[in-house]
Asks: 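Here it is: the structure, laid out below.
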Amino acid sequence: MNSEILEKARKYEQIAEMRIKPEERPEFHLSTRTGWMNDPNGFSYYQGKYHIFYQYHPYSVFWGSMHWGHAVSEDLLHWEYLPAAIAPDTPADSEGCFSGSALELPDGRQLLVYTGVTPRETPEGEKIGLQTQCLAVGDGLDYEKYPGNPVLSVRDIPPGGNLLDFRDPRIWRKKDGSCRCLVGNRSDDGSGRLLLYESRDGFHWKYKKVLIQNRNRFGKMWECPDFFPLEGKQVLLVSCQDMLEQGECHNGNGAVCIMGSYDEDSDTFTEEKSQAVDLGIDFYAPQTVLAPDGRRIMTGWMQNWDTSSIHRNTQGEEKWFGQTILPRELFIKEGKLCQRPLRELETLRKNRVSFPDLCFTGDLTLEGIQGRCVDLELEIESEVCPCFSINFAENKDFRTVLTWRPLEETLEIDRNASGSRRAILHQRRIHLSSNQGKISLRLILDRFSAEVFVNGGEQVLSAVLYTDQAAEGISFHATGRVRMRVVKYDLKK
Ligand code: FRU
């Protein structure tokens, strides 16, 4: 039996989504069914479909009491919304069902593991949300909260950490059939650590060890861990709060990849190196799934807490806020985590236009190269060109600009003129990891976003843009001579 709170959300979303026309959403990115979305949760392949759940506040375009929205897809591009999966409706989660993950049980049911938040007052009278780990079990459509919730509470936090930050369980099954779960916690040093728990059946959990300590290296609290093998290495993704700028990582909240090795017998993770995951403006809380064909596919929230006020600038009533990235295939090249756009995207390609060999200086527009749902492949070679840029989502009022400076070895995305009326972060400049007078770019536009894959996915930048859809121009500008190959497809479902 569904609770009234869940039924209310399910009824509400059915009506509210009717206000949103298909062309007011991204074409192929998953956006919230209605209201607000943040982190993707429980990214999984279950009963022949990919499932993405997400942090969901159906009733407004702002963060509020957290439900889990739910959508399924066979190709990660065509999404079907399912009714909200869980709602804050039990004593263990009355203030919200925070982020978590999913696992298929041996009997074929799907287990959701999430953080339940409940109100508490400290002895000093301060109101806080107490975080514990909870379960729900279901069939891919309806989920029932486990009567034994919470299955991990503050009693299960080992000494050396606080009792307030304890969230975002990431569950997986080991080869021997037992389960493991990583949960973020804040250490006494003020920064994050990940606690590892073990279970035979997914329901009864025991503390095992601290898997890794942040020790104030990457920001403060660590949220939303993911942990998986990839091409002989072990990858840990964590979303770090309150980072300082360091190396390629920008300040604020950002996702970091720590690569290393994992000894399954002793559950020991040995770190080797680290890097940022996405170097753009809007990216946080990535999660991965192992596809049936062996690919490790990553999704993420295409937004960032520090940029999430971008939505207040839209004209008129805003109908939804929050989308996930285009799912990306992860691979390792020269020891670095790289990402390429999901190969299924090629099935949406229409209207190929190509200019195999252009040489130009100055400003250039090309017949047939425009649009807001576009897959654009570019290979550019600088023959003495200090500054090359591509404007897109452009008309006389608006543009977003991608600028390559071969001599400085930088690439910059700038959406200051994309129509935002907010003075938030709108620009990011990265140092290119390989350059040599050449660059290859793949720019994927989908109405409200741009994702730039640099040099075969060595570096990626994501940004949302709420520019008027009438701005669909694309133009090229070179302050010196460049040689360029361009292939463009429209992307359409
Ligand atoms: C990360 C996060 C999680 C939390 C969720 C709440 O973006 O802060 O740590 O579970 O959002 O919506």
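Given the structure is predicted, the values throughout are model-derived calculations rather than measurements. All residue numbers in this chain count up from 1 along the given sequence. Counting convention: from 1, in listed order, for ligands and their atoms alike.
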Asks: Looking at atom 10 (O) of ligand 1, what's its closest protein heavy atom, distance included?
Replies: D168 OD1, 2.6 Å
Asks: Would you check, one step at a time, whether the test side chain to side chain contact (heavy atoms under 4.5 Å, CB included) holds for I310 with V464?
Replies: CA-CA 9 Å; I310 189 170; V464 300; 4.2 Å; yes
Asks: Return the closest protein heavy atom for atom 12 (O) of ligand 1 as residue, atom name and distance.
Replies: Q55 OE1, 2.7 Å
Asks: Are Q131 and T115 side-chain neighbours, meaning at least one heavy-atom pair lies under 4.5 Å?
Replies: yes
Asks: State whether the shortest distance between N or O atoms of W301 and N or O atoms of ligand 1 falls below 3.5 angstrom.
Replies: no
Asks: Describe, in one word, how the ring planes of F53 and W68 are oriented to each other, choosing from parallel (under 30°), tilted (30 to 60°) and perpendicular (over 60°).
Replies: tilted
Asks: Could you label the plane-to-plane angle of the H57 and Y59 rings as parallel, tilted or perpendicular, counting under 30° as parallel and over 60° as perpendicular?
Replies: perpendicular
Asks: Between W36 and Y56, is the gap from one ring center to the other below 6.0 Å?
Replies: no
Asks: For atom 1 (C) of ligand 1, grab the closest protein heavy atom and report residue, atom and distance to one decimal in Å.
Replies: D39 OD2, 3.0 Å
Asks: Quick one: which ligand 1 atoms are inside 4.0 Å of a heavy atom on R167?
Replies: 9 (O)
Asks: Fit a plane to each ring of F43 and Y50, take the angle between them on a 0 to 90° scale, and name the class: parallel (under 30°), tilted (30 to 60°) or perpendicular (over 60°).
Replies: tilted
Asks: Provide the number and element of each atom of ligand 1 under 4.0 Å from a heavy atom of M66.
Replies: 12 (O)
Asks: Between N38 and ligand 1, which part of the residue brings a heavy atom under 4.0 Å of the ligand: side chain, backbone, both or neither?
Replies: side chain
Asks: Heavy atoms only, cut-off 4.0 Å: how does S99 contact ligand 1, side chain, backbone, both, or neither?
Replies: both
Asks: Parallel, tilted or perpendicular: which fits the ring planes of Y146 and H204, with parallel below 30° and perpendicular above 60°?
Replies: perpendicular
Asks: What residue and heavy atom of the protein are closest to atom 8 (O) of ligand 1, and at what distance?
Replies: E223 OE2, 2.9 Å
Asks: Under 4.0 Å, heavy atoms only, figure out whether ligand 1 is touched by the backbone of Y284, its side chain, both or neither.
Replies: side chain
